[in-house]
Structures are given as structure tokens and as C-alpha cells.
Amino acid sequence: MTGQRKLTFVQVQSAMKVMIDKSLEIPEIPTAMAVVDEGGHLLAYATMDGLNLFAREHIIRKTYTAAITGKDSAAHADARREMGITVAELGDPNLSAVGGGVVIRSPEGYILGAIGAGGYPSGQADEDLARLGLKAMNL
């Protein structure tokens, strides 16, 4: 078998450390971050003090969405809207309709999982934090 097919512990920990460190630069805006495998199963999760329950749980849904659809959660939401389909109509209550989840691919294109963040006032800021973690994985 050629190419990486699974995320390593070191890659996951590297991503989480970078995202946590970045989040702590603005402690008054609590965030959460997560990494899931290719099936959307949780590998790592962290949340800052003071983040509301919805945001804490929604970050896992954003990350899951990216992993199982093979699209960043914002791109998936845009495609769904263009088709006139609500997230509820897709039949999976774990799917999310907002940005913040980013697909993790191997250099060969295999989906290894997804990484996500939540808590910032915009999905783009959440996605930016996730991409910082993705970069730390050195794929």
C-alpha cells in the first residue's frame, strides 16, 4: 500500500497544540477544536472555558460533515443550498450547514479525516483556525 491512509497520533497532537495555542491568544473568545478520522469518529477534542454548549457540540458536527462528505463544511453547505436541500432533508442529524470543518487529505488524495474549529463570530474565522491546525500536520 502506498500513501498515508490514517492520521497519526503525532499529526493529531501537533494540530491540536497549534490550534489551542492560537486560541489562547484571545482568551475572551472561547473556542473548541476537533479532529476526526475518515469515518467522522472523534480522535481529539478541546474546548476553552466559557464556550456555550451548542458551540461545543456543533464543532464536532462541522468536523464530521467535512470527513464524511469529502468537502469542507462551508462548501458542503453552499452546495446543499444551491440544490435547495436543507440539512434535515439529508437524513443525518450529525451534519452541519456552516463553515469551520476542513477535510484532511493525504498527498495522494485519500481522505484521512477532518479538522475543525468553532466559537469565533464567523465560520471563516473558525475555518482559518482549522487550516492552521491542518498546516501543522505536515501532510
Side-chain angles (χ1 to χ4, degrees):
M1 173 170 68
T2 62
Q4 181 177 346
R5 298 279 184 130
K6 300 282 182 190
L7 292 170
T8 68
F9 178 79
V10 171
Q11 288 170 319
V12 172
Q13 292 302 99
S14 296
M16 292 298 290
K17 179 176 181 352
V18 166
M19 291 190 299
I20 290 168
D21 289 348
K22 184 67 173 174
S23 293
L24 290 173
E25 291 176 8
I26 311 172
E28 62 275 8
I29 302 177
T31 59
M33 58 250 17
V35 177
V36 300
D37 68 13
E38 71 280 7
H41 304 104
L42 194 60
L43 297 175
Y45 174 83
T47 185
M48 292 173 65
D49 297 339
L51 186 62
N52 67 58
L53 180 59
F54 176 80
R56 286 183 286 164
E57 293 193 3
H58 196 209
I59 179 50
I60 297 169
R61 290 182 22 225
K62 291 193 263 186
T63 310
Y64 168 88
T65 298
I68 68 159
T69 65
K71 294 182 180 178
D72 294 349
S73 62
H76 177 262
D78 291 344
R80 182 197 42 75
R81 274 191 290 280
E82 287 176 14
M83 295 185 311
I85 299 171
T86 68
V87 89
E89 291 175 291
L90 296 175
D92 186 341
N94 293 315
L95 291 174
S96 174
V98 298
V102 176
V103 178
I104 303 169
R105 291 186 186 275
S106 71
E108 298 81 17
Y110 302 119
I111 295 173
L112 303 177
I115 187 168
Y120 286 122
S122 77
Q124 184 60 57
D126 293 338
E127 186 174 315
D128 291 345
L129 182 58
R131 288 197 183 283
L132 187 66
L134 179 61
K135 184 177 178 182
M137 289 184 166
N138 292 317
L139 290 168

| request: Starting at NE2 of His58, measure out to OG of Ser73 and round the result to the nearest 0.5 Å. | output: 8.0 Å
| request: Using the side-chain contact (heavy atoms from CB on, under 4.5 Å) rule, take Val102 and Glu127 through it: C-alpha gap first, then chi angles, then the decisive distance, then the call. | output: CA-CA 7 Å; Val102 176; Glu127 186 174 315; 3.7 Å; yes
| request: Kindly determine whether Arg131 and Lys135 satisfy side-chain contact (heavy atoms from CB on, under 4.5 Å), including the steps that lead there. | output: CA-CA 6 Å; Arg131 288 197 183 283; Lys135 184 177 178 182; over 6 Å; no
| field | Gap between atom CG of Asn94 and atom OG of Ser96 - 0.5 Å precision | value | 10.5 Å
| said: If I compare all heavy atoms of Glu108 with all of Gln4, which pair ends up nearest, and what's the gap? | reply: OE1-N, 3.7 Å
| message | Please tell me whether Val98 and Phe54 are part of a single hydrophobic cluster in this structure, the criterion being side-chain heavy atoms less than 4.5 Å apart. | response | no
| Should Leu134 and Leu139 count as side-chain neighbours, where that means a heavy-atom distance under 4.5 Å? | yes
| message | Could you check whether any side-chain heavy atom of Lys62 comes within less than 4.5 Å of a side-chain heavy atom of Thr65, counting everything from C-beta outward? | response | no
| task | Could you tell me whether a side-chain N or O of Arg105 sits under 3.5 Å from a main-chain N or O of Gly70, the two making a donor and an acceptor? | result | yes
| field | Heavy-atom pair with the smallest gap, counting every atom of Asp126 and Tyr120 | value | OD1-N, 3.0 Å
| Taking every non-hydrogen atom, the tightest pair across Gly118 and Leu51 | O-CD2, 4.3 Å
| task | Working to the nearest 0.5 Å, report the span between CD1 of Ile111 and CD1 of Ile68. | result | 10.5 Å
| Contact list for residues 12-25, test salt bridge (charged side-chain N to carboxylate O under 4.0 Å, His left out), sequence neighbours left out | Lys17-Asp21, Lys22-Glu25
| task | Can you measure from CD1 (Ile115) to CG (Asp72) and round to the nearest 0.5 angstrom? | result | 11.5 Å
| task | Kindly give the heavy-atom pair with the smallest separation between Met16 and Ala44, and that separation in Å. | result | CG-CB, 3.7 Å
| query | What's the spacing between Gln13 CD and Leu7 CG if we round to 0.5 Å? | reply | 11.5 Å
| query | Going hydrophobic residue to hydrophobic residue with side-chain gaps under 4.5 angstrom, can you get from Leu24 over to Ile26? | reply | yes
| query | What is the minimum heavy-atom distance between Pro30 and Asp49, and which atoms define it? | reply | CB-O, 3.4 Å
| message | What's the separation between atom CG in Leu112 and atom CD in Glu38, rounded to the nearest 0.5 Å? | response | 7.5 Å
| said: Can you give me the closest heavy-atom contact between Gly119 and Ile29, atom names plus distance? | reply: O-CG2, 3.9 Å
| request: Flag the pair Met33 / Ile20 as yes when at least one side-chain heavy-atom distance between them is below 4.5 Å, and no otherwise. | output: yes
| Residues clustered with Ile60, ILVMFWY side-chain links under 4.5 angstrom | Val36, Leu42, Tyr45, Ile59
| task | Indicate yes or no: at least one non-hydrogen side-chain atom of Met137 is less than 4.5 angstrom from one of Val35. | result | yes
